[in-house]
Amino acid sequence: MIKGKRSKDTMHDLSSMFEENRARLFSYLMRMCGTYELAWDIMQETYTRYLERYRERENSPALLYKIAYHAFVDHTRRQAREVVFEEEHAVHEIDLEHTLMVREGYQSVLRALGQLGQDDRNLISLVIGGDVSYRQIADMMGMSEANVKVRVHRIRIRLREILKGEKP
Amino acid sequence: MKEHMISQFIDDELGLDEKIEFVEEIHRDEAFTNEAREFLLLEKTLRSEVVEAVPEVSVPFARRVLFFSLLRPVNLAFMTMAAALVILTAALVSQHQETVAHPVTSHRFVLYEPGASSVEIAGNFTGWERVSMNRVGEIGYWELNLDLSRGEHRFVYLLEGDERILDPTVLLRERDDFDGENSVLFIGESA
């Protein structure tokens, strides 16, 4: 029996898990990245990494988000190194093409999230996605659950301030 | 400090005792109630739909191939209907980057393996089930004719039951969903 056949059920389950989480994972990545194009790239990268490295493990949405976050962090580090060599306006042109894909009214939320630090943005994006518990977030981010409780609320207070400040 | 209980309430992270405490606090303190309401309204905004449409992803197994084996043309009327269906389906799925398969055509797989005592083929067109190939006389060739739809196909040969061999005549290869590579064959219009 070939390996592919032996893993067929596993792959089917994984495929279902990917599909079930696709919309929510994409929303999480939009909140993290702020742009459609980048969120799309990182979602592809996330699924590819999951397939390559973790396909034999139990299907886990928490692991999916962890991989997505690491893919995002890798991208931002790479971009920090490469940005010197890039034409900045070229990147913005791509972003503009997809700006219309963001729902009206959510642009302000993305701008508000963009003002948070990377860890805070990750924490609140995971929480409002509703797929992972405080416990899982604590494990993922290497902090205590008690700290997650307090910090989540502080971030919400901060977001409320930013969004109130945006209103005319 | 009970404020963070509002977030725990929103995130379904309160234990039973904490729920009792939360409800009592809401009952006792109007400012706390207003605060909780305000954060719930904020949460509705934060959790609302982000984008107009979620894009598809192109991971190997996410490529769905639609087979229309029942659409073999048997008469002119059926051919017209089949063509219309294929065009309509192609238009519907093209925005999702899916591979659309078309009516089948026969394809001959040939492999030169003089030392092998058994050669099988497994691909998306066999549902990844092994199908034995036929030895061509005593000259070392193995062959098999299979009906394939137009579009992309992935397959691998298996020698002696377990050794994976890529098709040396097919240059395009792709890492598969499992532990190896597959040959990628494109069956076009003229095939």
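Residue numbering restarts at 1 for every chain, and letters A, B, ... go by the order of the sequence lines.
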Residue pair Tyr50(A) / Asn59(A), side-chain donor-acceptor N/O under 3.5 Å: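 No donor-acceptor contact under 3.5 Å links the two side chains.
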
For the pair Phe125(B) and Phe155(B), name the ring-plane relationship: parallel under 30°, tilted 30 to 60°, perpendicular over 60°.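 Correct class here is tilted.
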
Measure from the side-chain N and O atoms of Gln136(A) to the backbone N and O of Ser133(A), and report whether any donor-acceptor pair falls under 3.5 Å.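 Checked: pair present.
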
Winner by heavy-atom pair count (cut-off under 4.5 Å) against chain B, out of [options]:
| options | answer |
| --- | --- |
| Glu104(A), Arg31(A), Arg151(A) | Arg31(A) |
| Glu52(A), Met30(A), Arg22(A) | Arg22(A) |
| Ile128(A), Leu110(A), Ile124(A) | Ile128(A) |

Flag side-chain contact, heavy atom, 4.5 Å: Trp142(B) against Phe109(B):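 When only atoms from C-beta onward are counted, Phe109(B) and Trp142(B) do not touch, as no gap falls below 4.5 Å.
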
Find out whether Val127(A) and Tyr134(A) are in side-chain contact, i.e. whether some heavy atom of one side chain is under 4.5 Å from a heavy atom of the other.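 Yes, close enough: below the 4.5 Å cut-off.
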
Quick one: what part of [X] sits under 4.5 Å from any heavy atom of chain B, side chain, backbone, both or neither?
| X | result |
| --- | --- |
| Arg154(A) | neither |
| Ile157(A) | both |
| Ser125(A) | neither |
| Val109(A) | side chain |

Structural part of [X] lying under 4.5 Å from a heavy atom of chain A:
| X | value |
| --- | --- |
| Gln8(B) | both |
| Leu46(B) | both |
| Glu43(B) | side chain |

Measuring centre to centre across the rings, with the benzene-like ring taken for any Trp, is Tyr65(A) within less than 6.0 Å of Phe72(A)?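 Ring centres of Phe72(A) and Tyr65(A) not closer than 6.0 Å.
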
So, do Phe9(B) and Phe39(B) have ring centers that fall under 6.0 Å from each other?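 When the ring centroids of Phe9(B) and Phe39(B) are compared, they turn out to be at least 6.0 Å apart.
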
